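In this text, all values refer to a predicted model and were calculated from it rather than measured experimentally. Start at 1 with the first residue, then count along the sequence.
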Amino acid sequence: MKKLLTATAILLVVPFTAHAGADFVEGDKIFAADAELGATVTTGNTESTSVKARLDMKHELGNWENQYLIETLYKEDDGEETGKRYYGLIQADYLINEKNYLFANANHEIDPFTGYESTTTASSGYGHKFINSETTLFAIEVGPGYRYKRLDEESAFDAGYDTESGWIGHGVMNFETKISESSKFKQMFIADVGKSIEGRSETSITANIAGSLAMKFAVIVRYNGDPLEDTKSTDTETNMTLLYSF
């Protein structure tokens, strides 16, 4: 854990001290957020419950664009817990100009069904917006990172160790575009390359219902190139949620 804290401090501080003298200012203070909620309850011959909640907040102030993300998923079938995931992300982007920026982020995930008690990752680097118009965004981020994993008791006993950690290469591709005045398409890829390759793909379509209320359909795929024994390398999640923007 000490190594993780040291690596996190380095990754969060270095990119911004290098450009502390930049004078580009994007605009005034802006705060916006999207809140999502979806739930499915089945009773009778089959009893199941599924709940997905997400809060995505963005804060813009001068040269800074910050994101705060909280996400949770819970599933239960016939009284037995079959899925549980908690995820949190903080990212700060420092704008050099309209196209280029430096980023630093840290995220923490709890998903006991993967055999890991928790996974923490910190990364920083350079981002470039190839397209940044009123209707379309296409951006890529690359840089170094550090990943720290803690195994649960059963997995640690089988593996003979209780933690995994190491430096990684971090990359993100983010594409967003308006399909129409009332609908939007998003595609995001995240890849962390170290001793193993871990990735996440999120594809979504959002359509406005009325005012700030929208319906969102999303498919999320998580990949681990070196999963623990008795766990699969790929997890797929399909959601239909209500989204409220404010």
Side-chain angles (χ1 to χ4, degrees), residues 1-12 15 52 54 56 67-75 82-93 103-128 139-156 158-175 186-204 218-239:
M1 180 59 75
K2 184 177 180 181
K3 291 182 179 179
L4 173 65
L5 294 175
T6 303
T8 302
I10 294 172
L11 291 166
L12 293 179
K52 170 70 181 285
R54 174 182 171 123
D56 188 359
Q67 180 185 17
Y68 315 95
L69 175 65
I70 301 172
E71 188 176 279
T72 181
L73 173 70
Y74 179 81
K75 293 181 180 180
T82 57
K84 182 170 64 175
R85 181 183 297 115
Y86 305 102
Y87 178 80
L89 165 74
I90 297 176
Q91 174 155 334
D93 296 340
F103 75 88
N105 65 43
N107 65 73
H108 184 72
E109 183 177 58
I110 299 173
D111 187 351
F113 288 87
T114 61
Y116 292 97
E117 188 175 286
S118 64
T119 300
T120 304
T121 305
S123 60
S124 66
Y126 166 77
H128 181 76
I140 289 180
E141 300 173 359
V142 292
Y146 193 84
R147 182 169 60 207
Y148 177 86
K149 291 186 170 186
R150 180 175 293 278
L151 283 69
D152 60 27
E153 292 184 6
E154 182 178 348
S155 297
D158 293 337
Y161 57 89
D162 57 4
T163 63
E164 297 177 4
S165 62
W167 292 94
I168 59 173
H170 176 76
V172 177
M173 188 282 286
N174 187 29
F175 176 74
K186 289 186 179 182
Q187 175 63 65
M188 180 181 67
F189 293 108
I190 301 175
D192 292 328
V193 182
K195 294 180 181 179
S196 64
I197 299 176
E198 296 189 14
R200 170 180 169 133
S201 167
E202 181 170 345
T203 308
S204 67
V219 177
I220 301 171
V221 179
R222 294 178 176 84
Y223 174 78
N224 183 350
D226 187 21
L228 295 172
E229 189 176 352
D230 297 328
T231 61
K232 297 181 179 180
S233 61
T234 304
D235 288 324
T236 302
E237 178 185 326
T238 303
N239 300 308

Exercise for the section: Return yes when atom CD of Gln187 has more than 12 non-hydrogen atoms of other residues, nucleotides or ligands closer than 6.0 Å, and no otherwise. Expected result: yes
Problem - Side chains of Thr114 and Asp235 in contact at under 4.5 Å (non-hydrogen atoms) - result: yes
Completion exercise
Scanning both residues in full, the closest heavy-atom pair of Leu151 with Tyr116 reads CD1-CE2, 3.7 Å
Exercise for the section: Provide the closest heavy-atom pair for Phe103 versus Ser123 in the form atom of the first, atom of the second, distance. Expected result: CE1-OG, 4.0 Å
Problem - Smallest separation among heavy atoms of Phe189 and Ser201, with atom names - result: CE2-OG, 3.4 Å
Practice task
Quick one: closest heavy-atom pair of Ser196 and Asp226, and the distance?
Solution key: CB-CB, 3.5 Å
Problem - Leu89 atom CG: more than 12 heavy-atom contacts under 6.0 Å - result: yes
Exercise for the section: Find the distance between NZ (Lys75) and NZ (Lys52) and round it off to the nearest 0.5 Å. Expected result: 9.5 Å
Handout entry: Met188 side, atom CE; Thr203 side, atom OG1 - distance, nearest 0.5 Å
Key = 9.5 Å
Problem - Ser118 vs Tyr148 side-chain heavy atoms within contact, under 4.5 Å - result: no
Problem - Passing option when Arg147 is tested against Glu198, His170, Glu164 for side-chain contact (heavy atoms from CB on, under 4.5 Å) - result: Glu198
Fill in the blank from the handout: In short, Phe113 meets Thr231 closest at the heavy-atom pair O-CG2, 4.2 Å
Fill in the blank from the handout: Separation between CD (Glu71) and CD1 (Ile220), nearest 0.5 Å, reads 5.0 Å
Exercise for the section: Please say whether more than 12 non-hydrogen atoms of neighbouring residues, nucleotides or ligands are located less than 6.0 Å from CD1 in Ile197. Expected result: no
Handout entry: Sequence-distant partners of Asn239, side chain to side chain donor-acceptor pair (under 3.5 Å), two or more places apart
Key = Glu237
Practice task
Working to the nearest 0.5 Å, report the span between OH of Tyr146 and OG1 of Thr121.
Solution key: 11.0 Å
Exercise for the section: Scan residues 107-116 for pairs that pass salt bridge (Lys or Arg N to Asp or Glu O under 4.0 Å), counting only residues two or more places apart or in two chains. Expected result: Arg85-Glu109, Arg85-Asp111, Glu109-Arg222
Problem - Rounded distance [0.5 Å steps], CG in Asn174 versus CD in Glu141 - result: 7.5 Å
Handout entry: Side-chain heavy-atom pair Ile140, Met173 within 4.5 angstrom cut-off
Key = yes
Handout entry: pair Gln91-Val172: side-chain heavy atoms closer than 4.5 Å
Key = no
Completion exercise
Heavy atoms of Asp152 and Ser155 approach each other most closely as OD1-N, 2.7 Å
Handout entry: Separation of Lys84 NZ from Leu73 CG (nearest 0.5 Å)
Key = 11.5 Å
